[in-house]
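Shown next, in structure tokens, is the structure this report addresses.
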Number of protein chains: 2
Amino acid sequence: MSHSTEQTPERPTGQAVPTSADVARLAGVSRATVSYVLNNTSAVRISEPTRRRVREAAEELGYVPHAAARSLRAGHSRMVLLPSAHIPVGPLYSQFFHDLQWELRRLDYTVVQYGSVGLKPDEAARAWAELRPVAVVSLGEVELTEQSVELLKRSGARAVITLGTQQVPGTHSLALDQGRIGEVATAHLIESGRRRIGVVVPEEPGLGMFSQPRLEGAQRAARTAAATEAGAGADAVGVTVVPLPLRYDEESADELAGRWRELGLDAVFAYNDEYAMLLMRALQDAGISVPEETAVVGADDLLLGRLLRPRLSTVHIDMVLGRELAELVDRAVRDTDVPPRSRRLLDSRVVRRESS
Amino acid sequence: MSHSTEQTPERPTGQAVPTSADVARLAGVSRATVSYVLNNTSAVRISEPTRRRVREAAEELGYVPHAAARSLRAGHSRMVLLPSAHIPVGPLYSQFFHDLQWELRRLDYTVVQYGSVGLKPDEAARAWAELRPVAVVSLGEVELTEQSVELLKRSGARAVITLGTQQVPGTHSLALDQGRIGEVATAHLIESGRRRIGVVVPEEPGLGMFSQPRLEGAQRAARTAAATEAGAGADAVGVTVVPLPLRYDEESADELAGRWRELGLDAVFAYNDEYAMLLMRALQDAGISVPEETAVVGADDLLLGRLLRPRLSTVHIDMVLGRELAELVDRAVRDTDVPPRSRRLLDSRVVRRESS
DNA sequence: ACACAGTGCTCACACGTGTCACTGACACGT
DNA sequence: ACGTGTCAGTGACACGTGTGAGCACTGTGT
């Protein structure tokens, strides 16, 4: 156990990190000149020989400007804060996330992931504000209140963008209408003549913000179908929607499939292609024929779903492009007064294959 | 088109972001006192009434300290830089990445994703060094040279950690031994009596750093098998390994399956469970029976692979835990002189199911 | 000889913090 | 009255950078 004084970190490689002052000394000019040369400031003229000397000195010392000092002086940063949640999210989201980062980087922003779980809205907003980001893109796992948005804006954020279910005033709210997914899936099933429809609700924690709206969308579809059907005066049997809790493992699926007959369902919207594949397999193993006895619909339009027999019907989701969102961020940052409007995104449509 | 002067950003909400000086003014104390109170500095005693006044003033103004200024003064940050690549990486990696971020956040680090593609090693290192991160965790998509590592360390990075194939001096190299995956898979196939073995090599750009070592591992397994077999003197027929380029779509898979018979293969290691599922389906559709005519092995041990018939054999990968890595980062940051050792991670073992 | 403009560069301040050294004020013991 | 000690707090500097104002010098036109 070393009894190190622990006060000064003491880089063992005695050489400290060089600053622009060091460059200036070596080049025999003032620090201001160094700054002008290295930033190619056009307003000030520096002779070509001097420029060369400065550049060579910087090169020799391995000078690297200090981003924090720079943005402190400038009064603003180019940091986009991306609060990241602890949710086991599918490939569609992963892809979107990745694209978004990529495109922001291309626009010369620095993306900062900031895990903030178990924080209250105002605590989270405070923590974010410390970083003085120029924009915040939240996925709604932390519910922003109006005042935390104001705090963020006061601390320099020129754009606050929320993707989620609810919309917060003062932000660009992009409504990822999860309900619509459940709705179109269920409407499709009803249209195909199904009447008792199960809706898988994953038990995994953190998925509630997706699964709950989808369930509600399914129920909505059931209600509207009942209404129009009554108007048509035809066979006005009601449509029933039954929530089905399910964990993402074979045991849970087998258990559910085991008591399928007593549930008396003739269709299921399985939240997801992954859950759908899991459940469909379990149903088949339990002797339930798909789609004859029970129709199955997933969501996300994964390639793998096409490989099963029967091919999995699914809901294709037109996810907002990472690129598009990155451009929105950029526009909002540059023109402060882009009106914070709400847009509804996430259009979705059923892709019928063989399982329904 | 507005002829805005564009010089000062001019927050429309005239109120600027409050600093500790504002708090001091409002509380009627000096700025130093504010700093002492808000940081709970124990070395200096401040009376309880004053503490309250300061806290209330800070509360009222909605004061939030400026992280950049703070770490500028402190001389170091708690920022961990995570260069993110443009690679379409599977669920295993996504999970790992997510965990890592999570755990680092728990240890009070700030994770900064920094996309750096198409940059040369020294350019990338320079860009990273500007942020003065306290640690860098690279996944090897940018090949760090020894001198870029030195640059990073000189600019304050107390730990540079690379996960990848090669190991760079001066860093904690965690060797994700991709080759081993191909090796165990192929060894398993040989042991099961297969002799002409295909190895899928994804055509997706950016996957080369994974696929190439796996292919080489397969070839290595073939050579050692040939050697020991020759020693045993038994049927010393050589083992052949054939690379199979494949895109992740049905068309490409069908095309490959179409000319399967002329390839004359009796087994295939498909890089991945996802590619394996894709290819297996295509083979079955082309009338090739699995595993009788051709054995198929994937990798990653995805749940979905268990749902196919026949169940997909796979290579289970003991991925390094995000938590474990986060703790390594923390240790390396706190004790500067943790020797930069190389560890070999990523142990892998075959899980035989039905497709081989 | 003087004004004036242009060139090439430097001085000094500001950004928002943390912290070391120091100062008044007061109490206590002699 | 004087030294000593504690308490509560302040003044001032440093961190590394960008930039407006200004300065010395040189040519050029009157």
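By convention in this document, chain letters (A, B, ...) are assigned in the order of the sequence lines, proteins followed by strands, and residues within each chain are numbered from 1.
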Just so I know, are the side chains of I161(B) and S138(B) near enough to count as touching, which here means a heavy-atom distance under 4.5 Å? no

By nearest atom, which of the nucleotides dT10(C), dG18(D), dG16(C) is closest to the T19(B) side chain? dG16(C)

Pairwise 5' ranking along DNA chain C for Y36(B) and V29(A), keeping only the more 5' one: V29(A)

Could you tell me how far apart Y63(B) (OH) and dG16(C) (C1') are, to the nearest whole angstrom? 7 Å

When you look at CD of E123(A), are more than 12 heavy atoms from neighbouring residues, nucleotides or ligands closer to it than 6.0 Å? yes

I need the CG-C1' distance between L72(A) and dG18(C), as an integer number of Å. 13 Å

Closest nucleotide among dT19(D), dT17(D), dG11(D) to the S35(A) side chain: dT19(D)

Heavy-atom side-chain proximity of R323(A) to D99(A) below 4.5 angstrom: no

How many Å lie between CZ on R53(A) and C1' on dG8(C), as a whole number? 12 Å

Detail all sub-3.5 Å separations between protein N/O atoms and N/O atoms belonging to nucleotides 22-25 of chain D.
none

Checking dT17(D), dT17(C), dT10(D) against the side chain of A69(A) (C-beta onward), the nearest is dT17(D)

Answer yes or no: is there a donor N or O on one side and an acceptor on the other, between the side chain of R105(A) and the main chain of G115(B), under 3.5 Å? yes

Could you check which residues of residues 39-52 of chain A get a heavy atom under 4.0 Å from DNA chain C? Sort them by number, please. V44(A), R45(A), I46(A), S47(A), T50(A)

From CZ of R25(B) across to C1' of dT10(D) the rounded distance in Å is 16 Å

Has T162(B) got a side-chain atom pairing as donor or acceptor with V137(B)'s backbone, closer than 3.5 angstrom? no

Please state how far atom CZ in R73(B) lies from atom C1' in dG18(C), giving the value in whole angstrom units. 4 Å

Side-chain contact, heavy-atom cut-off 4.5 Å: W102(B) with V111(B)? no

To the nearest 0.5 Å, what is the distance between CG (L144(A)) and CG (L152(A))? 7.0 Å

Just call it for T33(A): base, sugar-phosphate, or nothing, with non-hydrogen atoms closer than 4.0 Å on any strand. base

How would you label the contact of S20(B) with the nucleic acid (heavy atoms, under 4.0 Å): base, sugar-phosphate, or nothing? sugar-phosphate

Nucleotide dA14(D), atom P - distance to NE2 of H66(A) in whole Å: 17 Å

To the nearest 0.5 Å, tell me how far T19(A) OG1 sits from Y63(A) OH. 7.0 Å

Between V134(B) and M79(B), is any pair of side-chain heavy atoms under 4.5 Å apart? no

Residue that, paired with Y114(B), satisfies side-chain contact (heavy atoms from CB on, under 4.5 Å) out of L131(B), L82(B), V136(B): L131(B)

Within-4.5 Å side-chain heavy-atom neighbours: V17(A) and R132(B): yes

Gap between atoms CZ and P, on R70(B) and dC15(C) respectively (whole Å): 19 Å

Taking the side chain as every heavy atom from C-beta outward, state whether F97(A) and Q113(A) have any pair of such atoms under 4.5 Å apart. yes

Angle of first-five versus last-five pair axes in the helix from dA1(C)-dT30(D) to dT30(C)-dA1(D), to 10 degrees: 70°

N/O donor-acceptor pair, side chain R132(B) with base dG16(D), under 3.5 angstrom: no

Taking CZ from R31(A) and P from dC11(C), how many angstroms apart are they, rounded to a whole number? 11 Å

